[in-house]
Amino acid sequence: PANQDDPITVFAASSLQPVLEEVAEVYAITNGQRITLSLAGSSTLARQIEQGAPADLFISANRGWMDALAAKNLIVEATRVDVAANRLILISRAQNPAPIDLSGFSLATALGDQRLAMALVDAVPAGIYGKQALKHLGLWEAVAPSIAQTDNVRAALRLVVRGESPYAIVYATDLDPRVRVAAIFPDESHSPIRYPAAVMAGGNVEAAVDFLKFLQRDSTRELFHKHGFTTP
Amino acid sequence: MLEVSLQHRLGGFTLDAEFTAPAGITVLFGRSGSGKTSIVNSIAGLQQPTQARVILNGDTLSDTTNGIHKPTHARRLGYIFQEGRLFEHLSVRDNLRYGQRFNPAGRLGLADIVELLGIGDLQHRNIRTLSGGEKQRVAIGRALLSQPRMLLADEPLAALDKERKAELLPYFKHLNDSLGIPVLYVTHATDEVLQLATTVIVMDDGKVARQGEPSLVFAQPSAAFEDSRDIGSVLDATVDQHHDDGLTELQVGAGRLLVPETASTTGTQVRVRIAAQDVLLARSRPQGLSALNVLSGTIEKLEPHSSSSVIVHLASPVGPLVARITRRSLQNLGLEQGTNVFAIIKTVALEA
Amino acid sequence: MLEVSLQHRLGGFTLDAEFTAPAGITVLFGRSGSGKTSIVNSIAGLQQPTQARVILNGDTLSDTTNGIHKPTHARRLGYIFQEGRLFEHLSVRDNLRYGQRFNPAGRLGLADIVELLGIGDLQHRNIRTLSGGEKQRVAIGRALLSQPRMLLADEPLAALDKERKAELLPYFKHLNDSLGIPVLYVTHATDEVLQLATTVIVMDDGKVARQGEPSLVFAQPSAAFEDSRDIGSVLDATVDQHHDDGLTELQVGAGRLLVPETASTTGTQVRVRIAAQDVLLARSRPQGLSALNVLSGTIEKLEPHSSSSVIVHLASPVGPLVARITRRSLQNLGLEQGTNVFAIIKTVALEA
Amino acid sequence: MDWLSAAEWSIVSLSMKVAVLATLLSLPFGIFIAYALARWEFYGKQLLNGLVHLPLILPPVVTGYLLLVTFGTQGVIGGWLAELGIVLAFRWTGAVLAAAIMAFPLMVRAIRLSIEAVDLHLEQAASTLGAPPWQVFRTITLPLILPGIGAGAILAFAKAIGEFGATITFVSNIPGQTQTLPTAIYTFLQVPDGEGGALRLVIISIVIAMSALLLSEYIARRVAQSVGG
Amino acid sequence: MDWLSAAEWSIVSLSMKVAVLATLLSLPFGIFIAYALARWEFYGKQLLNGLVHLPLILPPVVTGYLLLVTFGTQGVIGGWLAELGIVLAFRWTGAVLAAAIMAFPLMVRAIRLSIEAVDLHLEQAASTLGAPPWQVFRTITLPLILPGIGAGAILAFAKAIGEFGATITFVSNIPGQTQTLPTAIYTFLQVPDGEGGALRLVIISIVIAMSALLLSEYIARRVAQSVGG
Ligand SMILES: Nc1ncnc2c1ncn2[C@@H]1O[C@H](COP(=O)(O)OP(=O)(O)OP(=O)(O)O)[C@@H](O)[C@H]1O
Ligand SMILES: Nc1ncnc2c1ncn2[C@@H]1O[C@H](COP(=O)(O)OP(=O)(O)OP(=O)(O)O)[C@@H](O)[C@H]1O
Ligand SMILES: [Mg+2]
Ligand SMILES: [Mg+2]
């Protein structure tokens, strides 16, 4: 029903910003369809959708919020698909020693009286995954008292960049030259990190479905990979 | 006519006053703290006494028994405050014109008032830069220009020099005489009372101690006027003749008085005040004296005044006179009730 | 001794005053807007004129040529402001005691001042609930209790009733006489000048018009005292005897005067003021008159005063006297320079 | 403006529009409520006072969420407004509302403080000159509280320029529609290598707010001079 | 307090401690700077004025980040303070600093406004009575600006209770150490169906801040009565 010229509005978790901006640019050229991105935390966006936000497509950073929307019949369930995946890594400042083997490593000892930076462990997806991983590896009990939780994962990274924390748990996609990977958490140590997308029931379904399809193209996946994501 | 009846308690102070201010100028006179400002505030509606009845020419402004309390702005009473209360965010001119927009254009014009008060040069000045006396003049102008039905003036001239006072006092009279605006005037100064008052209300500790015509109120010593100069008689007179040597002759009752030249034209009604201490008494008509007014009279009453002086009440052709003399002179001259005497009054001591 | 020299422009007003206030009470007298408050402010250091030199007993308070400007709080001058300026957030008592903590305990005690000013009942009251006159009394007390080296009083009594005024005026004298605190006193009221002044500075439009002893300044008519009652002579006298009938006899020069009873003990120096309009003249000694003071004298000078009156300067045993009489009496009595006359002064007109 | 990219320019102009409108539109309400709190006694006064302060007390996310629930298209008031054709949620108009609400306590307090400092004697004097209450307010109270209004307005403007949490929660972060300086700065901070872009926007924010501040100080000085000089 | 869980109680008591200390500790600075801005002319005055307002203008995250850069263990001032044994990063002390900085502009504006309303004539009168400048301030200016100080303090307290962005950015969220009410509320709001838990904490926040507000109004009224009655 909607006009081709109307941009479609994509509500997406803010960590997807760089890749989605590139994709949107390509899509506008190839398909002549402009994309408007509204980037914020998954929870913020999901709540807004619950309150009737004019979103056509939602890409969440975790399943929980997508499930919540599904339960309220706000998404076109059939279109739900994971468009990207991510990995969890332990980072340290660039000048710190070589990679660590997490299994034989006492993170607590390495921290000493310093702190491990993570996103909120019960609220923000990166923190939730991180907590699962640490539990799985049997490190949780020891490090829990030393965790500094931030409101988003980029803030955890910044604590390491600033040298306030020796280590942080972040997504592989967050990596930047000021930090280095100290360890990669095994995929089985936490539930799979997936970015579920779905077309909104109340939006411009047709155009959104087209864009969602575009997101799953190989050429698009290449872009995701370029930005450090994996694809399911 | 303003009818006032007020009862109110303020801490340890109790106001309980009832009086009527007839047309003319009513002066509220009394010591510091006797309740003058409280009365004026209640009349203006700025204070709400527990019991209040204020009626101006039949228009009920306050009546607590009926729950009537007209808001201040609707009362149309001009109020000159004891402490100025000028609007510092407005220029002198805008202070003066403040009341204009809320009141029908009236008989008092800006230009006249500015001229009268000598504030022409100040019009574009900032209120904060005015001297104490200049501020008070602007406050007077502001109240007058609101075209009030009645003027409430709380010690309006206390901050002014004598010259300015002498210029303004007659104006209050003029307001009343020519424009018919009644005035309620608060003052400590007896000369102001005598020059202005149609009626005097003497306040003492929240109560009306005495009220009436100034001649009646001032003819007897009282706690309210400790200054002996205040005792005297006030006589109504008619201007009879202007002499070439600068003297004016007045017809007073059945007698005559010479006073220094007055501006009033022949036939005008004026008021002469003769202070008790300016009157000398003699048993025989004195000769070769510089005093020009010598009146025969009979002693009506002797009243003690201080340890050394007495007040002598006389009946004379010009009306009742009072003289204050020493007890020693009383004895020397053998004066008593009924004695015929001559009252000597210096011309220069009189003002009409 | 206070030496003052100030030059300053304020908008259209130019202050250019130079005077010396010797020990004693110096009165600044002048019309509204003549610059009195500006001078007092400059002395207190609240205003910084372009050119200023203020020296109190050798202590330089301001000297613009040397860049000296002592801060106000270090000047220790008590200042009674024209507009009160009480601290509303403090009780009456705390206002009074405000200066105590900053100044050495001195000769002026709280109890005495409270008693003198009649503010005992007000001590725990809130400043806002005081009447106009009550406020001013507290302001006076506050300044006195700061134990000042000198007192600056800007129209301190204008808001007070006569009784209170009469009580307080002598106190300023007492401050000066007994405690040696010099006073600079601003007023419009001539009676205050005459009762208080050692020196009078008459201001006119920012300039010193005249200065000197009150007797010299007031013996001649001047634009500054339009009220004729202000002209008169001021004589120094000694209390000689208290009579049983309540009169006090004074020794004045080579003569004597009877005045109403004074509280001063025998031997005390007092000042008598004889207003020119209270003096009657006669060619022959009058008989049977209620006036008790009759002085022989010689006319020294005649001075025109108004269209109807002249000022007569006399030499008399009590000192120089001035009388104001009508031109008609002058002619009737044939008075001229050198004539011997009798000056008649009512006892009750005098105050010592 | 070639030292600003088109995207930046759109962010800046939207932010300015939002902050200016939030300030101006809330001013009459701010003055009214400050007056009511300062001068009147009424039932529920403390409740009103508390309500005004609420946005200060609550984390902005909560305020934003409450706005979303109330003024969203599904919300009680939002739904009703929508019928009148006024949509706030996910529009720049909503950003104005969010900024205004967040800045409101600051504005009200400043204005209330100056109303409480006005000398009632002057208002009384005006009423004796015949001015009815509204005119007393307009000609006496209002001019006297101008410094407080100025202070309140500038605080509100600064707050509106910096408001993030409630805005992003209520109207999201839609470029060209609801993306203000703070949300744009946030977006930059969420991605690797975003700090440079964020810094540019931070500097722009500072320049705007400082200019407003200097302007307000300058105006206040001029007013004071013309009154006090 | 059995209507609060142990965890909630620790959050509430920490929040109170942080807000109270942030308010009290910043008060002397707030008064001093407000006085300087209201009364003195000095070089860099507008810069100082701008600096004070900065936390209002910038998104809280940016302020928090700037605090981290400055007062973190690696920061210029933070490193130097650490040598003195004062550590702010990841400590509740840092939360106090963050809250104080964020609330500072509100406090300073309110106080400055009341200083500007003080009648200089009264200060002059005090100095003629021998009071040196500091005593004039203590005995005249200070009592007269108490309403402004009260307003400033209550605004600061409310803001400190609600401060989220700068706090979490600077000192993170460490339960029992830096977890204040807003971070706890934020945590709840990030997960689906967290609203219930958030609501409890929101209500607690409101109760605390309202109590403070009512108390301040009550005290102001008492002071006004003892002064004005
Ligand atoms: N800033 C100013 N600009 C222009 N004129 C000023 C300023 N400040 C004062 N003046 C003028 O200086 C003159 C002297 O004022 P001052 O207050 O010293 O008078 P005053 O003798 O104390 O008068 P009053 O007896 O009425 O108190 C007045 O005419 C006043 O208007
Ligand atoms: N709230 C109050 N509590 C206690 N006493 C009060 C209060 N308000 C006024 N008073 C007292 O009431 C009396 C009358 O005050 P008012 O101002 O009417 O006096 P006034 O006659 O105008 O005196 P003045 O000539 O000094 O101006 C004063 O003694 C004053 O102290
Ligand atoms: Mg009074
Ligand atoms: Mg003056």
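Chain naming here is simple, since letters A, B, ... match the order of the sequence lines and numbering starts at 1 in each.
A cation-pi contact, defined as under 6.0 Å to the ring centre and within 45° of the axis, links Arg142(B) to Phe87(B).
Chosen from Leu152(B), Asp94(B), Leu46(B), Leu145(B), the residue pairing most often with chain D at heavy-atom distances under 4.5 Å is Leu46(B). Ranked by heavy-atom pairs shorter than 4.5 Å toward chain D, the options Thr72(B), Asn41(B), Leu86(B) are led by Thr72(B). Interface check for chain B: of the options Leu146(D), Leu144(D), Ile140(D), the most heavy-atom pairs under 4.5 Å are formed by Ile140(D). Among Pro143(D), Ser127(D), Ala126(D), the residue making the largest number of heavy-atom pairs under 4.5 Å with chain B is Ser127(D).
Using modelled atom types and a 3.5 Å distance limit, the side chains of Arg85(B) and Gln124(D) yield a donor-acceptor pair. A side-chain donor-acceptor contact under 3.5 Å links Thr37(B) and Asp154(B).
Heavy-atom minimum distance, Ile201(B) versus Thr26(B): CG1-CG2, 3.6 Å.
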